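I have placed the structure first, in the form of structure tokens, so that the comments after it can refer back to it.
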Amino acid sequence: MSLKRKDLLGTRDLSVEEINLILETADSFKEVSGRDIKKVPALRGKTVVNLFFEPSTRTRTSFELAAKRLSADVINFTPSSSSVMKGETLLDTASNIEAMSADFIVIRHSAAGAPNILARGLRASVINAGDGSHEHPTQALLDLFTLREKKRDIRGLKLAIVGDIAHSRVARSNIYALMKFGAEVRVAGPPTMIPCDMERLGVTVFYNLDEALTGVDVIMMLRLQIERQGIALFPSIREYATCYGLTQERLRLADPDVLVMHPGPINRGVEIAPEIADSAASVILDQVTNGVAVRMAVLYLLSGVK
Amino acid sequence: MSPRHSSSLLIRHGRVLDPGRTTGATDVLIKDGKIAEVGRDLTVATGTDVMDAGGKWVWPGFVDLHVHLREPGFEYKETIPTGTAAAAAGGFTSICCMPNTNPVNDTKAVTEFILDRARMANSVHVFPIGAITKGSDGKELAEYGDLKSAGCVAVSDDGKPVMNGLVMRRALEYARAFDLPVVDHCECQHLFEGGVAHEGLVAAELGLQGIPSAAEDVMVARDIELAALTAGRLHVAHVSTAGSVRLIREAKARGLRVTAEACPHHFILTEEAIRDFNTNAKMNPPLRTPKDVEAIKAGLKDGTIDAIATDHAPHAVYEKQREFENAPFGIVGLETALGLSLLLVEEGVLTLEQMVRALTTGPASAFGLAKGTLSVGADADVVIVDPAAQWVVNPDTFRSKGRNTPFGGWKLKGQVVSTLVGGRAVYP
């Protein structure tokens, strides 16, 4: 079994069948991570390069573990200190890495569409680990995996994605994937954080968080990028937390069996109350666990193409 | 100057179209580089060279108000020889070059350098546009008197909108003394951060920072009111929004001295062209929506928009290979403008005469150039076009150094057969 594609750039162009295949494969790989010897030989002799132009701990570690549990060789390449400073283009940097016989390039970049450039220019499989505000497909896939684990069927689920939708690749990848599976997606945040034309993607826009959360089965909180530069999108962290933070009172507006998700890293007390992050409703650490299995599935399924 | 091989040339059996002037003429007689006579079945002295234009259109050479020749300073993108050769191949015989070179064309010395290089290139006419402000940094006015006397035909800080309203007011006022149009790249940069594409559905889906239509509309509105205040000559560069078209239409109805241009890409393509992060569809102003495209077409049809201009903006291939947000804005246009403009005729948006006008007399009168006409005594700048010829856009064969076009592979109809400047063939 394999995906009939070289690269994974986003969820927007994945079919339901492809997503199902990834999630089913992840299911069998999840079992591997529970073993004493957490390793299978599926990618022995293959080389995976983590090319991270932006700092990341969680995603890079997750990809690294996924590749190692499949017996691949893994190189972590952090270009900030090397060639990029010398003015080399992205494609040149990646071509040089490919020339050392890399089979997979996992890229995280601050510019939307950077993985698309590599996918066009390289023979290696390119996996998008987050590009600007565009997509973060493996995050959405692990979210879907977690939802299926906890809620069985995604169809008909009411979900609210809360926060800076405009600048969130997690939001985009989740919206594209969830819509394909027939979920009812709401997005909520201050109008400065919701792009124009958002409704044309099929989601419902809420500026009032209480209304957005009423009756939902799943709440996906986004991290507030406190470090963002430029003219602020909200007047203060205090006001943001008051208007758009997930509190115990707000949680009671949702379905009693509501799940709370967060792609991390969380700002405790800003977008999410600390006691919620640690509560039974929270599946934040399940997401992290499942991330390894989903990334193993993606690497494994893409390896069959070449 | 190379000597002409003959002092007179008869172009005959063509379909001559000189907007607003002649109908039914077949022949154009050129003597000593000037138009001597236009009519049917002209009789000429023996020894006159004859060019048969049977089945071809014979028009005044095109005038482009908006070209980036890149020289001095960015010769790796384009030079005056390659840029003028591209113009000739596209049927243009007069081009106005923007001052965003290095150094900026804000002094007589730079203007003279450009004109010297153009003379050496010995191709199409080059009309430099000087800077509005010194260094195009939006603060102090450049020396318009000097620029005009050196040969500048307009002033612009192209690519850099004049953000300070008082500076723009002073520019419009002061330029009146020299009867220079002030060309503004209308974009209020305070209305967005880091925008690289039209703020709409496609940018939202791709996660790209947007440039809202309002950024252009707001600036066009400001400039129009300043034109009213100062009685200055305002020219709005590369109109891209329905709002701009509406505002310019109103300004013209008020009798203000406002002219405008639109680029083929803005009346052919929409924001959809940037999907898959196609940097060859990245330009400023950005490709917008079908509604904007329709408004620009309507503006060309009713004369709100005076001219089709290319905003020819060559870049090196490797520059356009960068990430979408880091790649430079702009596409080349000189060699595709005719084929793309003819699509408007095929669609029934413009008559053939309206299209020719938008490429000749429209732009010429916006800048007050004695060009774009086949009237007797005018420079014999002529383009001969084969209306039936189909061709495929192949960027590798461009005369321009630039390969950055979203139209590669497009099948277009209507090909330039020959371009004459002062009666002398500059293309092929």
Side-chain angles (χ1 to χ4, degrees), chain A residues 9-13 53 84 87-95 107 109-121 128 130-136 164-173 175-176 179 187 192 194-203 205 228-233, chain B residues 76 188-215 217 241 243 270-282 286-292 315-329 404 406 408:
Chain A
L9 303 178
T11 57
R12 191 175 189 272
D13 62 344
F53 291 85
V84 176
E88 193 178 51
T89 66
L90 170 64
L91 189 58
D92 282 333
T93 302
S95 298
I107 177 175
H109 200 286
S110 62
N116 302 57
I117 297 176
L118 300 194
R120 278 194 293 265
N128 181 3
D131 60 329
S133 307
H134 179 221
E135 284 233 37
H136 191 354
D164 188 353
I165 308 296
H167 298 94
S168 175
R169 52 197 175 210
V170 174
R172 278 180 185 74
S173 286
I175 289 168
Y176 299 142
M179 301 294 293
V187 298
T192 48
I194 312 275
C196 65
D197 284 335
M198 207 62 202
E199 279 102 345
R200 286 171 65 189
L201 297 184
V203 302
V205 174
R228 233 185 74 83
Q229 303 295 308
I231 297 193
L233 302 172
Chain B
Y76 69 97
C188 178
Q189 297 184 321
H190 291 163
L191 286 182
F192 59 93
E193 284 176 301
V196 293
H198 171 66
E199 186 169 327
L201 180 67
V202 176
E205 288 190 31
L206 296 181
L208 295 171
Q209 296 297 300
I211 302 174
S213 295
D217 303 346
T241 67
T270 67
E271 57 179 343
E272 291 295 326
I274 65 167
R275 284 206 189 276
D276 205 26
F277 299 96
N278 180 6
T279 55
N280 282 333
K282 179 185 176 182
L287 299 172
R288 298 196 188 269
T289 69
K291 184 173 68 76
D292 298 298
H315 292 292
V317 169
Y318 67 84
E319 294 176 301
K320 281 291 194 180
Q321 281 174 342
R322 290 209 285 256
E323 307 82 57
F324 192 90
E325 63 195 54
N326 298 325
F329 289 108
N404 46 313

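Numbers restart at 1 for each chain; the letters A, B, ... are given by sequence-line order, proteins then strands. We use all heavy atoms of the structure for the numbers below, so side chains are in, but hydrogens, waters and symmetry mates are not. Everything numeric here is computed off the predicted structure, so don't read it as measured data.
Counting heavy atoms from C-beta on, the side chains of A:Ile117 and B:Gln321 never come closer than 4.5 Å.
Between atom CZ of residue B:Phe277 and atom CG of residue A:Leu9 there is a gap of 9.0 Å, rounded to the nearest 0.5 Å. Distance check: B:Leu206 CG to A:Asp131 CG gives 9.5 Å after rounding to the nearest 0.5 Å. Note that CG of A:Leu118 and CD of B:Glu323 are 9.0 Å apart. Values are rounded to the nearest 0.5 Å.
The two residues B:Ala204 and A:Cys196 make their nearest non-hydrogen contact at CB-O, 3.9 Å. The minimum heavy-atom distance between B:Glu325 and A:Ala112, with the atom names listed, is OE1-N, 3.4 Å. Across every non-hydrogen atom of B:Glu205 and A:Arg172, the tightest pair is O-CD, 3.5 Å.
Between chain B and the residues A:Ala171, A:Pro195, A:Ala111, the largest count of heavy-atom pairs under 4.5 Å involves A:Ala111. Between chain A and the options B:Asp276, B:Leu201, B:Asn326, heavy-atom pairs under 4.5 Å are most frequent for B:Leu201.
Proximity to chain B is absent for every atom of A:Arg169, based on heavy atoms less than 4.5 angstrom apart.
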